[in-house]
Every structure is written in structure tokens, then in C-alpha cells.
Novice: 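First the structure, which I've put down as C-alpha cells, then a few questions once you've had a look.
Quick note: residue numbers are just sequence positions, from 1.
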Amino acid sequence: MKEIDTAIERIKYFESIYDEVSQNIESLKNNLDQYEESLSKLKELKDYYNSSKYMEDYTLDEKGMIPKDLKRGILSEDSIDDLLIESIELEERLKNLK
């Protein structure tokens, strides 16, 4: 009887591991799909950041011409840069997964 109890506990243990890993894989697949879909928008953001339009918008904000209640975090000098760095680091991390 003890052998059966041990087997049951082992099966429960590995079943819980299977459930957790399955759920994590499904979640990761969904998140990767969303990330992949956002890459074109990330490129668009990068292009904006490197354009004269960004500098025009930044200058208007510095002159106080952009409403203070308008969300404009992208006009900070680091926000887009930080996002691009995070994206590169994430892609490196994905490449290095084993």
C-alpha cells in the first residue's frame, strides 16, 4: 500500500508541474504574439524619436506650449530610449534561453 501512496504523490507532484509549465508556455506564446504585433509600432516610435518632428514637439513642450495636463512622457529624453533598450535586452534574453 505504501508503494501506491508514493506513486500517487509522485504523479500529483509531476501533474502540478505539468499544469504550471503548460500554463506558462501558453501565456508566453500569447505575450510573444502581442509583442511581435507591436514591433511595427516600436519601429514607428523609433522613427519618430529620430525625426525632426520629435525635436519640434520637444521644443514646443520646453517652451510651455503643450498643455501641462496632456500625457507626454514620450517627450522625456529617456523614455523612448529606455523602451528601445528594454526591447533589445528582451530579444537577447529570448535568444539565450536554453
Side-chain angles (χ1 to χ4, degrees):
M1 187 68 169
K2 184 163 174 106
E3 192 175 321
I4 295 294
D5 291 341
T6 302
I8 290 170
E9 289 305 312
R10 187 173 45 246
I11 291 167
K12 285 180 180 179
Y13 173 74
F14 285 108
E15 189 68 24
S16 72
I17 289 175
Y18 174 85
D19 290 344
E20 180 182 339
V21 172
S22 288
Q23 185 177 15
N24 288 340
I25 288 172
E26 189 62 31
S27 178
L28 180 58
K29 282 175 23 183
N30 290 333
N31 288 329
L32 281 174
D33 288 344
Q34 290 175 346
Y35 176 71
E36 194 171 33
E37 290 171 8
S38 73
L39 287 176
S40 63
K41 291 183 179 184
L42 182 62
K43 183 187 179 320
E44 189 176 350
L45 192 58
K46 181 180 179 181
D47 291 346
Y48 167 70
Y49 184 59
N50 291 318
S51 75
S52 61
K53 292 292 181 193
Y54 171 82
M55 285 311 300
E56 289 172 23
D57 296 345
Y58 180 83
T59 301
L60 289 172
D61 187 47
E62 286 290 304
K63 291 179 179 178
M65 299 174 76
I66 302 294
K68 295 296 179 196
D69 62 343
L70 178 69
K71 184 177 179 194
R72 60 192 191 287
I74 60 160
L75 296 179
S76 79
E77 295 186 33
D78 295 329
S79 64
I80 297 175
D81 231 9
D82 290 345
L83 185 66
L84 293 169
I85 290 168
E86 283 181 33
S87 177
I88 291 167
E89 288 173 349
L90 175 62
E91 290 176 19
E92 281 300 312
R93 186 174 170 192
L94 289 169
K95 285 179 193 175
N96 292 325
L97 281 177
K98 294 184 180 189

Novice: Is K95 salt-bridged to E92, going by a charged N under 4.0 Å from an acidic O?
Specialist: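 Salt bridge: yes.
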Novice: For the pair E9 and K12, evaluate side-chain contact (heavy atoms from CB on, under 4.5 Å) and give the outcome as yes or no after the intermediate values.
Specialist: CA-CA 5 Å; E9 289 305 312; K12 285 180 180 179; 3.9 Å; yes
Novice: Hydrophobic clustering (ILVMFWY, side-chain heavy atoms < 4.5 Å, transitive) - are L94 and I85 grouped together?
Specialist: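 Per the 4.5 Å side-chain linkage, I85 and L94 are not co-clustered.
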Novice: About how many Å separate CG of D5 and NZ of K2, when rounded to the nearest 0.5 Å?
Specialist: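 Answer for the NZ-CG pair, K2 versus D5, is 8.0 Å.
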Novice: Can you find a heavy atom in the side chain of N31 that is under 4.5 Å from one in the side chain of Q34?
Specialist: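 With C-beta onward as the side chain, the pair touches.
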Novice: Is V21 isolated, or which residues cluster with it under the ILVMFWY side-chain rule of less than 4.5 Å, directly or via members?
Specialist: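 Listed partners: Y13, F14, I17, I25.
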Novice: Quick one, S16 and E20 - any side-chain contact, counting heavy atoms below 4.5 Å?
Specialist: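 Sidechains of E20 and S16: no contact.
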Novice: Rounded at 0.5 Å granularity, tell me how far CD1 in I74 sits from NZ in K71.
Specialist: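 It comes to 9.5 Å.
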Novice: Heavy-atom count around E91 CD within 6.0 Å, excluding the residue itself: above 12?
Specialist: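 Yes.
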Novice: In the structure I gave you, are the side-chain heavy atoms of K53 and E56 within less than 4.5 Å of one another anywhere?
Specialist: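 Touching, per the 4.5 Å side-chain cut-off.
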Novice: For the atom pair CG (L39) and CG (L45), what is the distance rounded to the nearest 0.5 Å?
Specialist: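 Answer rounded to 0.5 Å: 12.0 Å.
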Novice: To the closest 0.5 Å, what do you measure between CG (D82) and CD (E89)?
Specialist: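 Between D82 CG and E89 CD, I get 9.5 Å after rounding to 0.5 Å.
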Novice: Checking T59 side chain against M55 main chain: does a donor-acceptor pair fall under 3.5 Å?
Specialist: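 Yes.
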Novice: Minimum heavy-atom separation for R72 and D61, please, with both atom names.
Specialist: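 That closest heavy-atom pairing would be NE-OD1, 2.5 Å.
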Novice: Are the side chains of L28 and L32 in touch, meaning some heavy atoms are under 4.5 Å apart?
Specialist: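 They are in side-chain contact.
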Novice: Identify the two heavy atoms, one from S79 and one from G73, that lie closest to each other, and give their separation to 0.1 Å.
Specialist: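 Minimum heavy-atom separation between S79 and G73: OG-O, 2.8 Å.
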Novice: Is E26 paired with K29 through a side-chain N to carboxylate O contact shorter than 4.0 Å?
Specialist: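 Salt bridge between K29 and E26, a charged N being under 4.0 Å from a carboxylate O: yes.
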Novice: Ignoring hydrogens, what is the shortest heavy-atom contact between L84 and L42? Give both atom names and the distance.
Specialist: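 Smallest heavy-atom distance, with atoms named: CD2-CD1, 3.7 Å.
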Novice: Applying a strict under-4.5 Å side-chain criterion to I, L, V, M, F, W and Y, I'd like to know whether L75 and M65 cluster together.
Specialist: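 Shared cluster, no.
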Novice: Just grab all the ring-ring contact (aromatic ring centres under 6.0 Å, His included) pairs involving residues 42-67, residues at least two apart or on different chains.
Specialist: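 Every ring-ring contact (aromatic ring centres under 6.0 Å, His included) pair that includes a residue of residues 42-67, provided the two are not neighbours, is Y48-Y54, Y49-Y54.
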Novice: Between S22 and D19, is there a donor-acceptor pair closer than 3.5 Å when you use the side chain of the first and the backbone of the second?
Specialist: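 Looks like no, no N/O pair under 3.5 Å.
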Novice: Not counting sequence neighbours, which residues clear salt bridge (Lys or Arg N to Asp or Glu O under 4.0 Å) with D47? List them please.
Specialist: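 Per chain and number, D47 pairs via salt bridge (Lys or Arg N to Asp or Glu O under 4.0 Å) with K43.
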